[in-house]
Amino acid sequence: MFEGLSGRFGDIFDRLKRRGALSEGDVDAALREVRVALLEADVALPVVKEFIERVRTRSVGADVLKSVTPGQMVVKIVHDELVDMLGPEDATIDLSTSPPAAILMVGLQGSGKTTTSAKIANRLKTRERKKVLLAGLDVARPAAQEQLKLLGDQVGIPCLQPVIGEQPIGIARRAMETGRREGYDVVVLDTAGRLAIDETLMAEVAAVRDVVSPSETLLVADALSGQDAVNTAGTFNERVGITGIVLTRVDGDSRGGAALSMRSVTGCPIKLMGVGEKIDDLENFQATRVAGRILGMGDVVGLVERAQETVDQAEAEKVAKRALKGQFTLDDLGAQLAQVRKMGDLNGILGMLPGVGKMKKQMAAANVDDRMIAHQHAIIQSMTPAERRNPKLLNAKRRKRIAAGSGTTVQEVNRLLKQYQQMSGMMKKMGKLGKKGMAALGGLGGPGGPGGGLPPGMLPPTR
Amino acid sequence: MNTEPEENGKRRGWFQRLRDGLSRTSSNLTRGIGDLFTKRKLDAEALDDLQDLLITADMGVETSAKLTQALGAERFDQEVSGDEVRSHLAKQIAAILEPVAVPLTPDPARKPHVILVCGVNGSGKTTTIGKLTRQFGDNGLKVMLAAGDTFRAAAVEQLKIWGERAGVPVIARATGADAAGLAYDAFEDARAAGSDVLMIDTAGRLQNRSELMDELKKIVRVLKKLDPEAPHSCLLVLDATVGQNAHSQVEVFKEMVDVTGLVVTKLDGSAKGGVIVALAERFGLPVHAVGVGEQAEDLRPFDATDFARSLMGLADD
């Protein structure tokens with residue numbers, strides 16, 4: 001339902017001719033769209049307003065770089081400003097105190113504190129060779145302490161033995177004593193989820209803080225959060241005094257605007273982000289990546305990373321070169337389909353691409369899904385090498401054979417062939433346009449038309 | 001939560017709880033509306049500002065625009081007061097929500113009525129099941145639970161504790177076991193035991209993780225082997241703090257496992273859950289219950305008018 005910011009801008013700026021500098025009118029029109037895009041991405045309203053003002057000041061009169069349109073220029077300024085506001089990226093966990101250093105984990109119910117506690121403990125243990133103790137202070141949720149202990153067991157990190165009936169402050173005190181006595185470097189304290197407006201529980205966590213004097217108090221916050229993130233983060237910061245934010249569920253498909261809200265209202269850096277369910281799915285915060293997502297420009301960095309992990313680079317480059325020369329064969333198409341399948345779920349990949357909103361709809365309409373790619377791959381695999389090199393060989397009889405061999409229908413075979421023709425035609429054209437044409441492919445969706453296959457250009461990584 | 005000092009007095013009514021929760025920030029909203037419309041003409045600028053305010057309640061750009069436009073169409077260029085605006089919007093919102101305020105009532109003809117509970121991580125699935133268990137039990141229904149979250153550490157234990165509290169059997173296997181197999185066995189057990197309701201917990205999953213969504217589909221597929229109509233209800237548990245991603249959650253879960261209704265949790269916080277309004281417009285799925293606190297009775301049937309009025313910060317009448 002969301003369209004990327006670049007897509008929104010397209011309409012406004014298509015009408016504008018290139019100019020020397022951005023006028024106030026250009027900027028105003030663009031910023032209206034930026035505003036809506038940010039709100040749809042769950043950035044809190046006050047933060048949006050402040051952000052827009054900053055961008056306005058920076059944009060009006062800014063020189064439009066030679067190679068870009070005014071719209072792209074505004075997007076660039078917005079993006080840069082967003083990265084600035086989201087940063088810094090290199091915030092580390094501060095353990096500079098006489099050991100044991102306490103890390104206090106706080107947040108709403110269900111934000112992911114317990115899992116994140118174990119992830120951080122594991123990270124400190126493996127990366128910084130710290131001796132870490134976990135302590136579960138959540139006596140409210142049934143089995144919360146067991147959960148922490150089980151997670152600790154998985155990675156060989158000890159967890160303070162729970163004592164039935166012991167209250168959070170008592171547990172915290174005992175955890176720090178144990179930490180001192182047994183020579184731990186770090187004690188990670190996992191607290192119960194609480195609402196920012198619950199005075200009693202907020203007082204409790206403040207009391208825990210006073211007992212342990214943490215070197216870090218980390219607010220664990222869900223990247224799926226809405227407008228209220230700004231209130232939550234603000235209140236936690238006022239009442240408990242946080243030193244950093246851990247953003248969880250960044251592997252979801254939310255736009256993650258809450259990150260900007262919280263960063264801006266607390267002034268605390270986002271230190272880490274949770275990107276999956278496994279214990280080592282915890283990464284350093286990457287402002288560029290999150291900025292791209294908020295703007296709906298896609299998680300291009302993530303996509304490139306994923307592609308680099310799975311795509312055979314040499315092969316991809318070979319295909320790209322041949323494609324540009326107009327020698328794109330069915331073999332190449334098959335290889336690309338195989339690589340797309342290796343990268344995982346199509347929707348997941350598409351979610352990472354810029355301006356995909358529109359395209360997703362088109363693809364749904366054209367019934368492009370993972371299964372279809374599997375089918376197409378099977379069709380190509382059912383051809384003989386000679387047929388793949390020279391599709392002209394494919395007469396009706398051969399097509400029938402291929403359909404039977406791949407468990408599809410002749411119609412599907414025909415559709416694939418037509419798609420292949422369109423693609424190779426498009427690529428020939430692009431080859432003529434040269435490099436510029438390749439860049440234009442970033443726009444996707446448009447000229448491929450409905451039913452157009454996967455844009456092949458998405459695969460060859462640029463590096 | 002077994003000790004909550006505030007709780008020792010008379011138990012507050014659900015509306016009061018909801019209002020207390022919502023009022024903390026709907027007060028921002030209503031104060032905002034009050035500020036906007038003390039002697040102000042309802043012009044384009046005022047409507048824009050109003051739309052902004054609704055967006056801060058997570059209603060989304062589209063729904064907020066629609067609501068303000070409707071108001072503008074009726075009262076454009078007239079002097080309006082904050083109260084008028086509030087009650088007008090509350091009425092509009094209540095009208096949108098009325099059709100979806102449908103409580104969850106297990107079909108007594110089915111033994112058991114199978115309820116599959118799904119949602120993203122941390123939305124409150126297990127807690128919701130725990131609360132529903134108590135309520136069904138209080139209504140004299142025989143309940144059985146299936147601990148289908150075989151992924152998260154100690155999720156099985158968490159559900160078992162809820163089961164013990166309510167004195168109902170919990171079918172469980174070790175963490176890492178196949179959830180679909182467990183669901184199948186639990187269905188058979190519940191039939192044999194003559195249970196009225198079987199609630200199946202599932203692991204939290206982000207809707208864009210297709211391999212996890214396939215697992216969920218498998219649970220449904222396996223249940224259908226025993227009864228083609230099972231699961232008879234499929235609840236999606238949504239966290240009220242969630243923003244516009246709720247759209248994607250409902251869309252994908254609905255497509256994958258044919259969600260029949262929503263439960264909205266954590267409405268006692270400062271999050272306003274305005275996204276429910278947008279969801280009601282777009283999907284029309286019943287909202288069976290809302291969670292307004294940690295006690296079992298804090299899971300309440302959803303009342304459209306109460307919710308709309310609380311959202312707009314209007315007093316009970």
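All chains are named by letter (A, B, ...) in the order of the sequence lines, taking the proteins before the strands, and each is independently numbered beginning at 1.
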Would you say [X] and [Y] make side-chain contact, with heavy atoms under 4.5 Å?
X        : Y        : result
A/Pro142 : B/Arg165 : yes
A/Leu108 : B/Thr241 : yes
A/Asp251 : B/Leu206 : yes
B/Asp52  : A/Arg35  : yes

Quiz item: Going by residue number, which parts of residues 167-177 of chain B are within reach of chain A, meaning a heavy-atom gap below 4.5 Å?
Solution: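 The residues closer than 4.5 Å to chain A amount to none at all.
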Quiz prompt | With sequence neighbours excluded, residues passing salt bridge (charged side-chain N to carboxylate O under 4.0 Å, His left out) with B/Lys217 | solution =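 For B/Lys217, no residue satisfies salt bridge (charged side-chain N to carboxylate O under 4.0 Å, His left out) once neighbours in sequence are set aside.
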Exercise. Identify, with sequence neighbours excluded, every residue that meets salt bridge (charged side-chain N to carboxylate O under 4.0 Å, His left out) alongside B/Glu157.
Key: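 Partners of B/Glu157 under the salt bridge (charged side-chain N to carboxylate O under 4.0 Å, His left out) test: none.
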Quiz item: Given that the side chain runs from C-beta out, which part of B/Val120 has a heavy atom under 4.5 Å from chain A: side chain, backbone, both or neither?
Solution: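 Just its side chain gets close to chain A.
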Practice problem: Would you mind checking which part of B/Leu212 comes under 4.5 Å of any heavy atom in chain A, side chain (CB onward), backbone (N, CA, C, O), both or neither? | Solution: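 Answer is side chain: those atoms of B/Leu212 sit under 4.5 Å from chain A.
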Quiz item: chain B: which of A/Leu195, A/Asp222, A/Thr232, A/Asp42 shares the most heavy-atom pairs with it under 4.5 Å?
Solution: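 Most heavy-atom pairs under 4.5 Å with chain B: A/Asp42.
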Quiz item: What part of A/Lys149 lies closer than 4.5 angstrom to a heavy atom of chain B: side chain, backbone, both or neither?
Solution: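 The answer is neither part of A/Lys149.
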Quiz prompt | Interchain contact, A/Leu148 with chain B, by part (heavy-atom threshold 4.5 Å) | solution =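 For A/Leu148, there is no contact with chain B at all, as no heavy atom is under 4.5 Å.
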Taking all heavy atoms of [X] and all of [Y], pick out the closest pair and write down the distance.
X        : Y        : answer
B/Ala271 : A/Asp228 : N-OD2, 3.2 Å
B/Gly204 : A/Glu277 : O-OE2, 3.5 Å
A/Leu224 : B/Gln249 : CD1-NE2, 3.6 Å

To the nearest 0.5 Å, what is the distance between [atom1] on [X] and [atom2] on [Y]?
X        : Y        : atom1 : atom2 : answer
A/Arg32  : B/Asp48  : CZ    : CG    : 9.5 Å
A/Leu39  : B/Gln244 : CG    : CD    : 9.0 Å
B/Leu53  : A/Leu45  : CG    : CG    : 7.5 Å
B/Glu62  : A/Glu40  : CD    : CD    : 8.0 Å
B/Asp239 : A/Ser225 : CG    : OG    : 7.5 Å

Practice problem: Tell me, out of B/Val156, B/Ile161, B/Asp58, who's got the most heavy-atom pairs with chain A below 4.5 Å. | Solution: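 Winner by heavy-atom pair count: B/Asp58.
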Quiz item: Do A/Arg141 and B/Gln158 get their side chains close enough for a donor-acceptor pair, meaning under 3.5 Å?
Solution: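 Yes, because at least one side-chain N or O of A/Arg141 sits under 3.5 Å from a partner of the opposite role on B/Gln158.
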Self-check item: Inter-chain contacts: residues 109-116 of chain A against chain B, heavy atoms under 4.5 Å
Solution: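 Against chain B, the residues of residues 109-116 of chain A that fall inside the cut-off (heavy atoms, under 4.5 Å) are A/Gln109, A/Gly110.
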Quiz item: Do B/Arg209 and A/Asp253 meet the salt-bridge criterion of a basic N to acidic O distance under 4.0 Å?
Solution: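 Looking at B/Arg209 together with A/Asp253, the answer is no, because their closest N to O distance does not fall below 4.0 Å.
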